[in-house]
Amino acid sequence: MTHGPLIVQSDKTLLLEVDHPRAGEARAAIAPFAELERAPEHMHTYRVTPLALWNARAAGHDAEQVVDALVRFSRYAVPQPLLVDVVDTMGRYGRLRLVNSPVHGLVLESLDRAVLEEVLRQKKITPMLGARIDADTILVHPSERGHLKQALLKVGWPAEDLAGYVDGEHHPIALNEDGWSLRDYQRDAVTGFWAGGSGVVVLPCGAGKTLVGAAAMAEAQATTLILVTNTVAGRQWKRELVARTSLTEDEIGEYSGERKEIRPVTIATYQVMTRKSRGEYRHLELFDSRDWGLIVYDEVHLLPAPVFRMTADLQSRRRLGLTATLVREDGREGDVFSLIGPKRYDAPWRDIEQQGWIAPADCVEVRVTLTDAERLRYATAEPDERYRVCATARTKGPVVQTILNRHPGEPALVIGAYLEQLHELAEALGCPVVEGSTKNKEREALFDAFRAGQIPRLVVSKVANFSIDLPEASVAVQVSGTFGSRQEEAQRLGRLLRPKNDHRQAHFYSIVSRDTLDTEYAAHRQRFLAEQGYAYRIVDADDLLGPPVPEVD
């Protein structure tokens, strides 16, 4: 028995002792196949799930590697049934394969006849299948490729998709590596994606996911549809592509609420794609408007349900998902796996930080005590109003000012979810607000002024959670959020992680009302970042009244 950092339990939970000298090594070893569930101070709880094991298998990890990691870092003997279950679960991936037969076209091929017989008795699966060719092969209509993969995943037999892809309409695209070059991890990400033909690349905010997309486009040499969260993000993509590739502005179209341009490279927003007209998603026709060779899904963890449905019909196109976290609060990670593809590359945030490509970050949870009046208001609030009451407590206002006073001269963001709270803070701080109703032109002007240092502080709503490039921001103060959203927490910290010209550390503060739902949700929000190795220090608001941090020269 070795004194390892990991306790492996028969219910498939893993307990990681955070203070153990080998904890970091163990965390990196289990990250491909285990999901973090709880992250208190000293002992983190992970769970080994079938989807995590199948993602690991699709990314090239085998059962032997998983078993070795568990045995090597475990403090006690690993339960034998768990090891058997890991081997059996990973062995389920790929027993059914989708392939393109030169004679019959798309077929489902079985490496285990009993498995094929089992799924043929599933009432939801049989309508997707055609005639039986032989004992181990059955026809599949090409339009059912995505739906079949979804259905097979749900019954525990995920199919390996080896049916290949169409090249789409050719369009020359080359990287313009003048004064810069792809980083090693970006090249590895593109290589991993291209080898599989479709799938997801997971990289921290600020690590250059756009460049991974550009390099994938250069590999494809084809017309490309890029889906983004909002118009501002789309225009950032366009600027990057013009600067980093051979593409000109005229070759890149914007398909948004403001413009409807379809060009060899078209950047569309999720909002416009999911907008209904007379009960129909009319803009989903964009998927069929050209013979696309590549579809890029930015922030794939936000993919809306209607785009999932359309993607099910696009399985012959190469699909690249980009994200900082595969966490979805709606539990549809399985649909990302089935329809966009498995995880092809995942770089731990701390690894990228140690290489100097993203800024180091200090995460602090600041706990405030509500006044007696606020406590009473919280205690008597209706259940669906209680979080708003504690999250928007006015007691937080002076704490925001105190934190900003500790970082004079540093570009700072104040982030929240409730507009009334944000407007009150903006008025007190004397700075502008960027919210959903802020017109794109004004929004871009404010972001440009912030980047240039003309505006030192911005108050931002949820619109700034995603794909907003504010490289010089080094302080963020979060006053309220979307309940316990792990993805939102990751994205908000991500606003700070672009490396600073003067190598400053980033500071991420989350102000939380103690003894309320705010504390409970904060713990849930922090789970993903804890998995990436970020530890939150918890301080009392009163302790912040010490000497301010000196201004950086």
Side-chain angles (χ1 to χ4, degrees), residues 5-18 23-40 43-63 65-67 69-70 73-74 78-79 82-83 85-90 92-93 153-154 156 158 199-204 300-303 321 323-338 340-351 483-491 493 521 523-536:
L6 205 61
I7 298 173
V8 182
Q9 304 188 111
S10 56
D11 65 351
K12 300 187 183 67
T13 56
L14 314 178
L15 304 179
L16 178 66
E17 184 187 341
V18 177
E25 190 185 352
R27 180 188 286 115
I30 66 174
F33 62 85
E35 298 173 0
L36 187 73
E37 285 198 330
R38 290 188 300 280
M43 196 71 79
H44 290 183
T45 304
Y46 290 78
R47 185 172 296 278
V48 179
T49 67
L51 187 60
L53 289 171
W54 293 330
N55 251 318
R57 181 72 185 81
H61 303 278
D62 59 29
Q65 290 170 299
V66 173
V67 168
L70 293 172
F73 292 103
S74 182
V78 179
L82 182 143
L83 296 179
D85 195 59
V86 163
V87 173
D88 287 351
T89 300
M90 293 185 80
R92 294 173 81 94
Y93 176 78
L153 183 82
K154 284 173 182 167
V200 179
V201 168
V202 183
L203 285 174
V300 74
H301 60 282
L302 296 174
L303 204 63
T323 184
T325 164
L326 268 175
V327 168
R328 285 184 66 99
E329 304 303 337
D330 61 3
R332 295 191 69 167
E333 291 91 344
D335 288 334
V336 174
F337 181 94
S338 302
I340 308 301
K343 181 169 60 178
R344 299 295 184 188
Y345 186 83
D346 187 357
W349 292 36
R350 287 296 199 188
D351 286 2
F483 304 100
S485 173
R486 294 162 290 169
Q487 59 175 227
E488 183 175 75
E489 191 88 351
Q491 294 288 341
L493 174 61
Y521 287 144
H524 193 272
R525 292 172 66 85
Q526 294 164 13
R527 271 173 46 196
F528 173 77
L529 293 174
E531 183 177 8
Q532 297 298 327
Y534 290 92
Y536 281 73

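Count residues from 1 along the sequence.
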Participant: How long is the straight-line distance from OG1 of Thr323 back to CG of Asp346, given to the nearest 0.5 Å?
Facilitator: 10.0 Å
Participant: For residues Glu25 and Phe73, determine if any side-chain heavy atom of one lies less than 4.5 Å from a side-chain heavy atom of the other.
Facilitator: yes
Participant: Identify, with sequence neighbours excluded, every residue that meets salt bridge (charged side-chain N to carboxylate O under 4.0 Å, His left out) alongside Asp88.
Facilitator: none
Participant: Would you mind reporting whether Pro5 and Leu16 have side-chain heavy atoms less than 4.5 Å apart?
Facilitator: yes
Participant: Is the closest side-chain heavy-atom distance between Thr49 and Trp54 below 4.5 Å?
Facilitator: no
Participant: How far apart are the closest heavy atoms of Val18 and Met43, and which atoms are they?
Facilitator: CG2-N, 4.1 Å
Participant: Considering only residues two or more places apart or on different chains, which pairs with a residue in residues 43-59 satisfy salt bridge (charged side-chain N to carboxylate O under 4.0 Å, His left out)?
Facilitator: Glu37-Arg47
Participant: Should Val200 and Phe337 count as side-chain neighbours, where that means a heavy-atom distance under 4.5 Å?
Facilitator: no
Participant: Who passes side-chain contact (heavy atoms from CB on, under 4.5 Å) against Ala63, sequence neighbours left out?
Facilitator: Val87, Met90
Participant: Please name the pair of heavy atoms, one in Leu153 and one in Pro158, separated by the smallest distance, quoted to 0.1 Å.
Facilitator: CD1-CB, 3.8 Å
Participant: Using every non-hydrogen atom in the two residues, find where Gln9 and Pro79 come nearest and quote the distance to one decimal.
Facilitator: C-CG, 4.1 Å
Participant: Looking only at non-hydrogen atoms, find the nearest pair between Ala52 and Glu35 and report the distance.
Facilitator: CB-OE2, 4.0 Å
Participant: Nearest 0.5 Å, what's the CG-NZ distance between Leu53 and Lys12?
Facilitator: 9.0 Å
Participant: What pair of heavy atoms forms the shortest contact from Tyr93 to Ala58, and how long is it?
Facilitator: OH-CB, 3.7 Å
Participant: Could you tell me the separation between the CD1 atom of Ile340 and the CG atom of Asp335, rounded to the nearest 0.5 Å?
Facilitator: 9.5 Å
Participant: Quick one: are Glu333 and Val336 in side-chain contact, heavy atoms under 4.5 Å?
Facilitator: no
Participant: To the nearest 0.5 angstrom, please state how far the CG atom of Leu14 sits from the CG atom of Leu82.
Facilitator: 7.5 Å
Participant: Between Gln526 (side chain only) and Ala523 (backbone N and O only), is there a donor and an acceptor less than 3.5 Å apart?
Facilitator: no
